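Presented below is the structure to which this report refers.
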Amino acid sequence: MRDAYHEELDSIGEGLVEMARLVGSAIGRATTAILDADLKLAESVIAADAKVDDLQRDLEERAVALLARQQPVATDLRIVVTSLRMSADLERSGDLAQHVAKLARLRFPDTAVPRDLHATILEMGQLAQRLMAKAGEVIITKDVDLALQLEQDDDAMDLLHRTLFQHLMDDRWRHGIETAVDVTLLGRYYERFADHAVSVAKRVVYLVTGEHADELAQAEGRTGGDGDA
């Protein structure tokens, strides 16, 4: 019975990895759709989000069933509860990718992104996809050091987000209010997507160590400082 229990825990982990793969692919394809005004691709991203939602519901049902049947304690309880929270982060990531695709659909046959911002939005989309791929790797490997790196990687997304606002606030902006709103929303979608990838990684840190990622990073910083002294 315990073997079956741990197989079910492993299965929940595999489901999380699959969710991370799906939402990472979704943000990449949504980025292509918004930049190329590709309606067919946008529609496929929007439709595919249902699979992510189904996976989350399935994971929730299995996790709740495990809690009811096994009444896990200590580490096993932490695995189940943390998995539920990670699935919520991943489902929201899928929603954000869908929002990008819906904006592409809304503006078709035009593009929501001015030509002079294509490179920035492309970079944000590629970075979002890389961050989610790394989050999926963290779920598989339980690598705490890699998980802690994600927050540093996210700094690049914050910088790109600020770059967008610099364009919007520039006196030379000539693309109108509607496009300004579109770009503002896109920047927020990518920033939040990256935040969810970081959140997944932080939850893995807690899963492995029992400590919150911020506290662990601070402790390591203090240790490093003492050693340098």
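Predicted model, so just to flag it, every value in this text is computed and none were measured.
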Practice problem: Could you walk me through whether Leu59 and Ser83 pass the side chain to side chain contact (heavy atoms under 4.5 Å, CB included) test, one step at a time? | Solution: CA-CA 8 Å; Leu59 287 174; Ser83 295; over 6 Å; no

Quiz item: Between Val80 and Val64, does a side chain to side chain contact (heavy atoms under 4.5 Å, CB included) hold up when you go through it step by step?
Solution: CA-CA 8 Å; Val80 176; Val64 170; over 6 Å; no

Quiz item: Should the pair Asp158-Arg162 be classified as a salt bridge under the 4.0 Å nitrogen-to-oxygen rule?
Solution: no

Self-check item: Exceeds 12 heavy-atom contacts within 6.0 angstrom, atom CD of Glu123
Solution: no

Self-check item: Stepwise side-chain hydrogen bond (donor to acceptor under 3.5 Å, both in side chains) test for Arg107 and Thr111
Solution: CA-CA 6 Å; Arg107 299 302 176 212; Thr111 177; over 6 Å; no

Practice problem: Output yes when a side-chain donor or acceptor of Thr209 lies under 3.5 Å from a complementary backbone atom of Val205, and no otherwise. | Solution: yes

Quiz prompt | CG-CD distance between Asp170 and Gln166, expressed to the nearest 0.5 angstrom | solution = 9.0 Å

Exercise. State, with a plain yes or no, whether a side-chain heavy atom of Arg85 is found less than 4.5 Å away from one of Val81.
Key: yes

Quiz item: Going through the distances and angles, do Asp95 and Asp53 end up as a side chain to side chain contact (heavy atoms under 4.5 Å, CB included)?
Solution: CA-CA 9 Å; Asp95 287 345; Asp53 294 342; 4.2 Å; yes

Self-check item: Same apolar cluster: Val200 and Leu9, side chain cutoff 4.5 Å
Solution: yes

Quiz item: For the hydrophobic clusters of this structure (ILVMFWY residues joined by side-chain heavy atoms under 4.5 Å, transitively), does one cluster hold both Ile79 and Leu66?
Solution: yes

Exercise. Identify which one of Val198, Leu159, Leu127 satisfies the side chain to side chain contact (heavy atoms under 4.5 Å, CB included) criterion when paired with Asp154.
Key: Val198

Quiz item: Shortest non-hydrogen contact from Ala42 to Ala33?
Solution: N-CB, 3.7 Å

Practice problem: Rounded to the nearest 0.5 Å, what's the gap from CG on Leu150 to CG on Asp155? Could you check? | Solution: 11.0 Å

Quiz prompt | Leu22 with Ile12, same ILVMFWY side-chain cluster at under 4.5 Å | solution = yes

Quiz prompt | Side chains of Leu96 and His99 in contact at under 4.5 Å (non-hydrogen atoms) | solution = yes

Quiz item: Which heavy-atom pair separates Pro109 from Ala37 by the least distance, and what is that distance?
Solution: O-CB, 3.7 Å

Quiz prompt | Heavy-atom side-chain proximity of Arg62 to Asp58 below 4.5 angstrom | solution = yes

Exercise. Report the C-alpha separation of Glu43 and Lys40 in whole Å, then their side-chain angles, then the decisive distance to 0.1 Å, and conclude whether the salt bridge (charged side-chain N to carboxylate O under 4.0 Å, His left out) test is met.
Key: CA-CA 5 Å; Glu43 293 285 11; Lys40 184 176 180 181; over 6 Å; no

Quiz item: Between Val183 and Trp173, what is the shortest heavy-atom contact and its length?
Solution: CG2-CH2, 4.3 Å

Exercise. Could you tell me the separation between the NE2 atom of His161 and the CG atom of Leu164, rounded to the nearest 0.5 Å?
Key: 6.5 Å

Quiz item: Do any N or O atoms from the side chain of Asp143 and from the backbone of Asp145 form a donor-acceptor pair under 3.5 angstrom?
Solution: yes

Quiz item: Are any side-chain N or O atoms of Arg78 and backbone N or O atoms of Tyr206, one a donor and one an acceptor, separated by less than 3.5 Å?
Solution: yes

Practice problem: Establish, from distance only, whether the side-chain atoms of Thr184 and Arg188 form a donor-acceptor pair under 3.5 Å. | Solution: no

Quiz item: Side chain of Thr179, backbone of His175: donor and acceptor closer than 3.5 Å?
Solution: yes

Self-check item: Point-to-point distance, once rounded to the nearest 0.5 Å, from CG of Leu207 to CD1 of Ile139
Solution: 10.0 Å

Quiz item: Is the closest side-chain heavy-atom distance between Lys142 and Val204 below 4.5 Å?
Solution: yes

Quiz prompt | same_hphob_cluster(Leu168, Leu35) at 4.5 Å side-chain heavy-atom cutoff | solution = yes

Quiz item: Nearest heavy-atom pair of Thr31 and Ile121: which atoms, and what distance?
Solution: CG2-O, 4.0 Å

Self-check item: Ile27 side chain reached by Val45 side chain, heavy atoms, under 4.5 Å
Solution: no

Self-check item: Side-chain donor or acceptor of Ser87 paired with backbone N/O of Leu84 under 3.5 Å
Solution: yes

Exercise. Evaluate the criterion side chain to side chain contact (heavy atoms under 4.5 Å, CB included) for residue pair Met19 and Met86; output intermediate values, then yes/no.
Key: CA-CA 10 Å; Met19 286 184 73; Met86 284 194 285; over 6 Å; no

Quiz prompt | Short N-O contact, Arg57 and Asp54, less than 4.0 angstrom | solution = yes

Exercise. Identify the heavy atoms of Glu91 and Val52 that sit nearest to each other, and give their distance.
Key: CA-CG1, 4.1 Å

Quiz prompt | His196 side, atom NE2; Glu191 side, atom CD - distance, nearest 0.5 Å | solution = 10.5 Å

Quiz item: Same cluster for Phe165 and Ile177 if Ile/Leu/Val/Met/Phe/Trp/Tyr side chains link at under 4.5 Å?
Solution: yes

Practice problem: Give, for atom OG1 of Thr163 and atom CE of Met157, the distance between the pair rounded to the nearest 0.5 Å. | Solution: 11.5 Å

Practice problem: Taking all heavy atoms of Tyr190 and all of Met124, pick out the closest pair and write down the distance. | Solution: CB-CE, 3.8 Å

Practice problem: With the side chain counted from C-beta on, respond yes when Leu90 and Gln56 share a heavy-atom pair under 4.5 Å apart, and no when they do not. | Solution: no

Quiz prompt | Min side-chain heavy-atom separation Ile34-Leu103 under 4.5 Å | solution = yes

Quiz prompt | With sequence neighbours excluded, residues passing ring-ring contact (aromatic ring centres under 6.0 Å, His included) with His167 | solution = none

Practice problem: Identify which one of Met132, Gln126, Lys134 satisfies the side chain to side chain contact (heavy atoms under 4.5 Å, CB included) criterion when paired with Arg130. | Solution: Gln126

